[in-house]
Protein chains: 2
Amino acid sequence: MARTAGSHSDITGPRVREAALRLFARGGYAAVSMRAIAAEVGVQAGALYNYTPDKQTLLFDLMEGHMTELLAAGVDDPALGAEARLQAFVAFHIRFHHARPDAVFIAYMELRNLSPENFARVEALRREYENGLESILREGVEAGIFRVADTKIATLAIIAMLTGVNTWFRAGGRLSIEEVTAQYWDMVRRAVS
Amino acid sequence: MARTAGSHSDITGPRVREAALRLFARGGYAAVSMRAIAAEVGVQAGALYNYTPDKQTLLFDLMEGHMTELLAAGVDDPALGAEARLQAFVAFHIRFHHARPDAVFIAYMELRNLSPENFARVEALRREYENGLESILREGVEAGIFRVADTKIATLAIIAMLTGVNTWFRAGGRLSIEEVTAQYWDMVRRAVS
DNA sequence: GTCTATACGCCGATAGAC
DNA sequence: GTCTATCGGCGTATAGAC
């Protein structure tokens, strides 16, 4: 397809999102200017508005994209037993979040900078993800494999615990991500058994 | 003690910190202006500088004050057994954090807005708090009461799980904070037993 | 699609009167 | 201790040339 000279829409768009993701994660949405994002990409500030109508939409697109990816990448197999499903969930959650620390950070820290409408849409996606875990716990309880007083609370407790890995784990430290995953699985398994 | 007319140092100072705490928690440090804080207090922006040398120090004082309170309020009694100490820690952590959601929110979300020196000081206080929990877990492991592969990881996992209560718990909901505490204690106890 | 230039406003912080 | 006034700078977003 013919293109006007100087046209880079197909490559600049992703680069804008990557730069915004990195800078928002490092400095926070409110503290990062459109000029700073443009400088990171290597264009002038005005050019960004070819790729997003405004800064708010740029933030929302990053968060919605992250949550959509998270839901699409889910590994749950209802044909397995509840314990195997739970173990797969723990491993998946840690691995997925470990692979994209910037997006995870933004998804948790910048919720308050979303407009009410955008906040509601992101929250709906988060609830959908939580429901996936809760259905596993509920199946385990019904099968008599798990003992959990309240599956909703256990869901939130487990997700908070697992996501917390991102706040302290650094590659090259005392433990590998696989060892950490094994230990978290051990704690989760015992907490619901 | 005689005072100049218009002098309100003893009352305005706390009100500045309260307003900053509330506004930082709601909108984020970077998005809240000194003018907005002044308006909340009912003074002009310039008057704030009688109570803090700059905005950064105001943030630091809030975070350091919160962490110092947290450490001073600790209820640990080494004379008790490890399980009783752990149960007391869980109840204390949930109660203390539940009582000051704004300070907790700021302490977690605004770390990146601290200068490197201030960040190091707040982090040292946080590590001190974590060490309190880890010593409980270590005693329990040595006494053969707890079974934990790595006390440092278990410490971080438990704190993340407990602090997570603040992100979803709302008074007047389905469960009271006491019922929630009982369920978290049940999960923590089993995770380390 | 990107550039330069700019409109318009708020930012943190300070000076000096009262 | 608080006020008013102000400095110099940076914020988002847009207009119009190329």
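In what follows, every heavy atom counts, from backbone to side chain, and hydrogens, waters and symmetry copies are set aside. Nothing here was measured: the structure is a model prediction, and the numbers come from that model. Letters A, B, ... are given to chains in the order of the sequence lines, protein chains preceding strands, and every chain is numbered from 1.
Among the protein residues, B:Val41 comes within range of no part of the nucleic acid, since none of its heavy atoms lies under 4.0 Å from any strand.
When the nucleotides C:dC3, D:dC3, C:dA13 are ranked by their closest atom to the side chain of B:Val43, D:dC3 comes out on top. For B:Ala47, counting side-chain heavy atoms from C-beta on, the closest listed nucleotide (C:dT2, D:dC3, D:dT14) is D:dC3.
Taking the ring centroids of B:Phe96 and B:Phe89, they lie at or beyond the 6.0 Å cut-off. Aromatic rings of A:Tyr129 and A:His93 (six-membered ring for Trp) have centroids within the 6.0 Å cut-off, being under it.
As a whole-Å value, the separation of B:Arg15 CZ from D:dT2 P is 10 Å. For the pair B:Met34 CE and C:dT14 C1', the interatomic distance rounds to 12 Å; values are reported in whole Å. Between B:Leu48 atom CG and C:dA15 atom P there is a gap of 17 Å when expressed in whole angstrom units. Regarding A:Ile11, its CD1 atom lies at a distance of 16 Å from the C1' atom of C:dT2, rounded to whole Å. Put simply, OH on A:Tyr49 is 4 Å from P on D:dA13, counting in whole angstrom units. Atom pair B:Asn50:CG and C:dT14:P shows a separation of 12 Å (rounding to whole Å applied).
With hydrogens and angles ignored, the 3.5 Å screen pairs no side-chain donor or acceptor of B:Asn166 with any backbone N or O of B:Val104.
Using a cutoff of 4.0 Å between basic side-chain nitrogens and carboxylate oxygens, B:Glu40 and B:Arg22 are scored as salt-bridged.
Toward the 5' end of DNA chain C, the nearer of the two residues A:Gln44 and A:Arg35, judged by each one's closest nucleotide, is A:Gln44.
The phosphate of D:dT2 (OP1 or OP2) has a side-chain N or O of B:Tyr51 nearer than 4.0 angstrom. One finds a side-chain N or O of B:Thr12 lying less than 4.0 angstrom from the OP1 or OP2 phosphate oxygen of D:dT2. In terms of phosphate contacts, A:Ser33 brings no side-chain nitrogen or oxygen within less than 4.0 Å of OP1 or OP2 of D:dC10.
The salt bridge (Lys or Arg N to Asp or Glu O under 4.0 Å) test applied to A:Asp102 returns no partner, not counting sequence neighbours.
The side-chain heavy atoms of A:Asn50 and A:Thr12, taken from C-beta on, include no pair separated by under 4.5 Å.
Against DNA chain D, the stretch residues 52-63 of chain B makes no heavy-atom approach under 4.0 Å.
In this structure, B:Arg126 satisfies the cation-pi test against B:Tyr108, with its NZ or CZ atom closer than 6.0 Å to the six-membered ring centre and inside 45 degrees of the ring normal.
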